[in-house]
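To start, the structure itself, in structure tokens.
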Amino acid sequence: MRHSYRCPLRWSDMDANGHVNNTVYLRYLEEARIDFLTVAARASDPEAFTGSTVVARHEIDYLRQLVHRAEPVTVELWVEKLAAASVTFGYEIKDADAAPVAAGPGAAKSRGPYVRARTVVVPYNIEEGFPRRLSAAERAFLEDYFDDSHRG
């Protein structure tokens with residue numbers, strides 16, 4: 001299963017080349033991740049992810065140019081890997097409608113995502129200053145979001 005987050009584009013997201021700046025995509029991923037870890041996870045268990053998490057790694061493949069428009073994009077998030085004290089999220093940023101477009105006589109072709117990305121997140125105990133293990137409730141919640149359908 002994937003978590004879906006509708007992310008608005010802001011005029012200030014564009015750079016001098018007229019498209020969304022590469023660093024802004026990290027903010028889009030962050031907004032989707034925060035929505036997932038606060039809204040969705042805490043709806044499942046009010047104690048889930050109440051502490052801090054830190055990002056240990058980002059990996060981004062930029063696939064298509066995105067320019068400002070009124071319609072939001074959809075950020076889909078899923079779990080790729082679950083370890084004792086970390087979780088790797090996969091993402092795709094794509095059009096909300098994701099409707100196919102014609103690619104020639106009688107053929108349909110998907111527009112595909114703008115970005116595919118991964119983030120390794122570590123639960124962190126701020127008071128102790130160290131990473132912590134995922135709780136049993138957090139693991140159970142995250143296990144419902146494994147999805148490898150993006151691999152084609």
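- Under the side-chain hydrogen bond (donor to acceptor under 3.5 Å, both in side chains) test applied with Thr119, the options Glu59, His58, Arg57 reduce to a single match, His58.
- With sequence neighbours excluded, the residues satisfying side-chain contact (heavy atoms from CB on, under 4.5 Å) with Asp15 are Asn17, His19, Asn21.
- Counting side-chain heavy-atom gaps under 4.5 Å among Ile, Leu, Val, Met, Phe, Trp and Tyr, Leu63 is found in no cluster with other residues.
- Scanning both residues, Leu9 and His68, for their nearest heavy atoms gives O-NE2, 3.6 Å.
- In terms of heavy-atom proximity, Arg133 sits nearest to Ala84 at NH1-CB, 2.6 Å.
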From CA spacing to verdict: salt bridge (charged side-chain N to carboxylate O under 4.0 Å, His left out), Asp144, Arg139: CA-CA 9 Å; Asp144 287 341; Arg139 290 185 67 79; over 6 Å; no

Side chain to side chain contact (heavy atoms under 4.5 Å, CB included) between Leu77 and Tyr145, worked out: CA-CA 8 Å; Leu77 174 152; Tyr145 285 89; 5.8 Å; no

Taking distance alone, no hydrogens or angles, what donor-acceptor pairs closer than 3.5 Å link side-chain atoms of residues 28-37 to residues at least two apart or in another chain?
residue, atom, partner, partner atom, Å
Tyr28, OH, Asp13, OD2, 2.5
Glu31, OE1, Tyr5, OH, 3.2
Glu31, OE2, Arg10, NH2, 2.4
Arg33, NH1, Tyr91, OH, 2.9
Asp35, OD2, His3, NE2, 2.7

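- Distance check, rounded to the nearest 0.5 Å: CZ of Arg118 to OG1 of Thr88 gives 8.5 Å.
- In this structure a side-chain-to-backbone donor-acceptor pair under 3.5 Å is present from Trp78 to Asp147.
- Contacts of Tyr114 classified as ring pair (Phe, Tyr, Trp, His ring centres under 6.0 Å), with partners at least two apart in sequence or in another chain: none.
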Working for side chain to side chain contact (heavy atoms under 4.5 Å, CB included), residues Phe141 and Val79: CA-CA 10 Å; Phe141 170 75; Val79 173; over 6 Å; no

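- Note on Leu134 and Phe130: separate hydrophobic clusters, where clusters join Ile, Leu, Val, Met, Phe, Trp and Tyr whose side-chain heavy atoms are under 4.5 Å apart, directly or indirectly.
- Distance check: Glu138 CD to Glu143 CD gives 12.0 Å after rounding to the nearest 0.5 Å.
- A continuous path of Ile, Leu, Val, Met, Phe, Trp and Tyr side chains, each step under 4.5 Å between heavy atoms, connects Phe49 with Phe146, placing both in one hydrophobic cluster.
- Here the closest heavy-atom approach between residue Gly112 and residue Lys94 is recorded as O-CB, 4.5 Å.
- Chaining together hydrophobic side chains whose heavy atoms lie under 4.5 Å apart places Trp11 alongside Met14.
- The existence of a salt bridge linking Asp61 and Arg116 is excluded, since no basic side-chain nitrogen approaches an acidic carboxylate oxygen closer than 4.0 Å.
- The two residues Arg6 and Ala96 have their closest heavy-atom pair at NH1-CB, 3.4 Å.
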Show me the side-chain donor-acceptor pairs of residues 120-129 shorter than 3.5 Å, one per line, residues at least two apart or across chains.
residue, atom, partner, partner atom, Å
Tyr124, OH, Gly129, O, 2.8
Asn125, OD1, Glu127, N, 3.1
Asn125, OD1, Glu128, N, 2.9

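- Summarising the geometry of Gly18 relative to Val67, their closest heavy-atom pair is O-CG1, 3.4 Å, with the distance given to 0.1 Å.
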